[in-house]
Amino acid sequence: AIVASAVVSTAREEGSAVQPLASTPWTSSDRRLEAASAGICLDAAQGELCHRLVTWLREDGARFDPAKYAGINRTTQFAQAQAMAHEHYPDLCPPPCGKIPPEAPPDEPSAESAHEQINCDYGHGDSKPAHAGCFVVHNGKLLAERLTYDREKLDVPGGQSNWREPARCTAYRETYEETGYLVAPRELLAVVMNGFHLYRCELLRPQPLKGHDHEISWVGWLDAGEVASKAAQGMWRFPEANRYANWIR
């Protein structure tokens with residue numbers, strides 16, 4: 001599974017769907033293993049493999065496989081996302097006990113998302129939506145973050161589109177949400193797996209306006225040597241990190 005230690009970092013590089021590890025239990029808890037054999041529902045608990053998989057589905061599932069994980073995003077109720085995780089990976093996730101809400105037509109943009117779109121003054125030249133992120137270099141150092149899931153790998157800020165905003169606004173919004181920094185997306189640096197757009201972004205303020213996201217354990221700046229060293233050690237989340245040191249300028 002994406003969050004299982006042997007599989008996470010290869011999914012994007014190979015471009016294939018993540019396969020469940022048939023021999024992996026939901027958790028090491030005897031109670032939960034007994035429940036599994038009895039076919040009893042269980043809500044995934046913090047720290048369990050299923051909980052990490054569901055977290056990944058809500059954060060990045062659609063970015064890896066838009067068709068397979070259609071409709072799952074950060075706003076999806078946890079039980080609903082766990083039900084999808086159980087459907088695709090029954091060896092990793094039990095069925096949830098929580099209520100699954102009936103499918104509903106897409107919501108109108110919330111006041112919060114509308115506010116975000118108004119404050120994003122980017123994407124006039126290309127208004128197409130896409131999952132996107134920012135490559136932010138300031139004083140010769142790259143803005144990086146460490147995840148609380150996915151084996152606590154390093155990454156650059158970015159995430160899923162809400163499909164109502166230009167890709168540059170997704171990069172702008174996700175960078176602010178994850179790191180607290182305000183940036184201005186400039187030229188497109190690369191398009192990587194599943195059409196993820198990585199923009200070179202300009203730092204607008206030297207200090208973050210808020211704390212980092214709860215799924216980020218660390219935000220900081222790395223120079224080219226540190227970036228390359230950590231790439232050699234396999235500490236970055238995605239394979240394009242091997243090019244990051246060369247992209248720093």
Side-chain angles (χ1 to χ4, degrees), residues 12 59-60 62-63 73-74 109-148 150 153-228 230-231 235-238 240-249:
R12 181 161 162 189
E59 290 293 320
D60 288 318
R63 172 174 159 188
N73 54 49
R74 288 182 177 182
S110 65
E112 182 181 359
S113 65
H115 178 69
E116 288 169 348
Q117 291 174 15
I118 290 170
N119 282 325
C120 177
D121 194 29
Y122 307 103
H124 299 292
D126 183 4
S127 61
K128 294 178 183 177
H131 303 318
C134 273
F135 193 86
V136 187
V137 176
H138 182 65
N139 292 334
K141 293 187 176 184
L142 174 66
L143 178 62
E145 58 188 30
R146 186 182 301 279
L147 307 174
T148 59
D150 206 345
K153 292 277 189 172
L154 293 169
D155 202 1
V156 293
Q160 295 185 44
S161 171
N162 62 19
W163 305 114
R164 298 189 298 268
E165 62 189 3
R168 278 181 171 81
C169 285
T170 298
Y172 165 88
R173 174 176 54 79
E174 288 286 338
T175 299
Y176 177 71
E177 289 176 358
E178 293 182 356
T179 70
Y181 282 102
L182 280 181
V183 299
R186 303 305 187 192
E187 72 266 26
L188 180 63
L189 185 60
V191 177
V192 293
M193 183 180 171
N194 286 330
F196 185 85
H197 285 46
L198 186 59
Y199 292 94
R200 191 175 291 280
C201 297
E202 177 187 354
L203 185 68
L204 296 180
R205 298 191 181 188
Q207 300 298 327
L209 298 185
K210 69 177 190 68
H212 56 70
D213 186 83
H214 70 282
E215 291 181 347
I216 306 298
S217 63
W218 171 85
V219 173
W221 299 87
L222 302 173
D223 62 31
E226 292 171 316
V227 169
K230 293 180 186 303
M235 296 175 66
W236 288 94
R237 191 179 185 196
F238 296 121
E240 60 263 23
N242 291 322
R243 295 184 281 169
Y244 287 174
N246 292 331
W247 288 345
I248 294 175
R249 66 183 188 208

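Hydrogens, waters and symmetry mates play no part in the numbers below; they use all other heavy atoms, side chains included.
- For the pair Pro129/Thr170, no side-chain contact is recorded, criterion being any heavy-atom separation below 4.5 Å from C-beta on.
- The heavy-atom pair separating Tyr199 from Ala167 by the smallest distance is OH-CB, 3.4 Å.
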Sequence neighbours excluded and cut-off under 3.5 Å, please list the side-chain donor-acceptor pairs for residues 213-228, or say none.
residue	atom	partner	partner atom	Å
Asp213	OD2	Glu215	N	2.9
Ser217	OG	Arg146	O	3.3
Trp221	NE1	Tyr181	OH	3.3
Asp223	OD1	Gly225	N	3.1
Asp223	OD1	Glu226	N	2.8
Glu226	OE1	Asp223	N	2.9

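- Here the closest heavy-atom approach between residue Leu188 and residue Leu198 is recorded as CD1-O, 3.6 Å.
- Taking all atoms of both residues into account, the shortest heavy-atom contact from Asn242 to Ala231 is OD1-CB, 3.7 Å.
- Side-chain atoms of Lys210 come within 3.5 Å of backbone atoms of Glu177 as a donor-acceptor pair (strictly under, hydrogens ignored).
- Take Arg186 and apply the salt bridge (charged side-chain N to carboxylate O under 4.0 Å, His left out) test, not counting sequence neighbours, and it matches Glu202.
- Atoms CG and NZ, from Leu147 and Lys153 in turn, are 10.5 Å apart once rounded to the nearest 0.5 Å.
- Between the side chain of Glu174 and the backbone N or O of Pro157 there is no donor-acceptor pair closer than 3.5 Å.
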task = Assess whether side-chain contact (heavy atoms from CB on, under 4.5 Å) is satisfied between Thr179 and Leu143, documenting all intermediate values.
result = CA-CA 9 Å; Thr179 70; Leu143 178 62; 4.1 Å; yes
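- Judged purely by atom type and a 3.5 angstrom limit, Thr175 uses its side chain to pair as donor or acceptor with the backbone of Ala171.
- Between Tyr172 and Val183 the shortest heavy-atom distance is CD1-O, 3.1 Å.
- Summarising the geometry, atom CG belonging to Leu204 is positioned 11.0 Å from atom NE2 belonging to His138; distances are rounded to the nearest 0.5 Å.
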request  = Starting from the C-alpha separation in whole Å, work towards a yes-or-no answer on side-chain contact (heavy atoms from CB on, under 4.5 Å) for His212 and Glu145.
outcome  = CA-CA 9 Å; His212 56 70; Glu145 58 188 30; over 6 Å; no
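- When all heavy atoms are compared, the tightest approach of Leu209 to Arg205 is CD2-NH1, 3.5 Å.
- At least one donor-acceptor pair under 3.5 Å links the side chain of His131 to the backbone N or O of Ser161.
- Here the side chains of Leu189 and Arg243 are not in contact, with every heavy-atom distance at 4.5 Å or above.
- A perpendicular orientation is assigned to the rings of Trp247 and Phe135, their planes being inclined by more than 60° (bins at 30° and 60°).
- What you find for Gly133 and Phe196 is that their closest heavy atoms are N-CZ, 3.4 Å.
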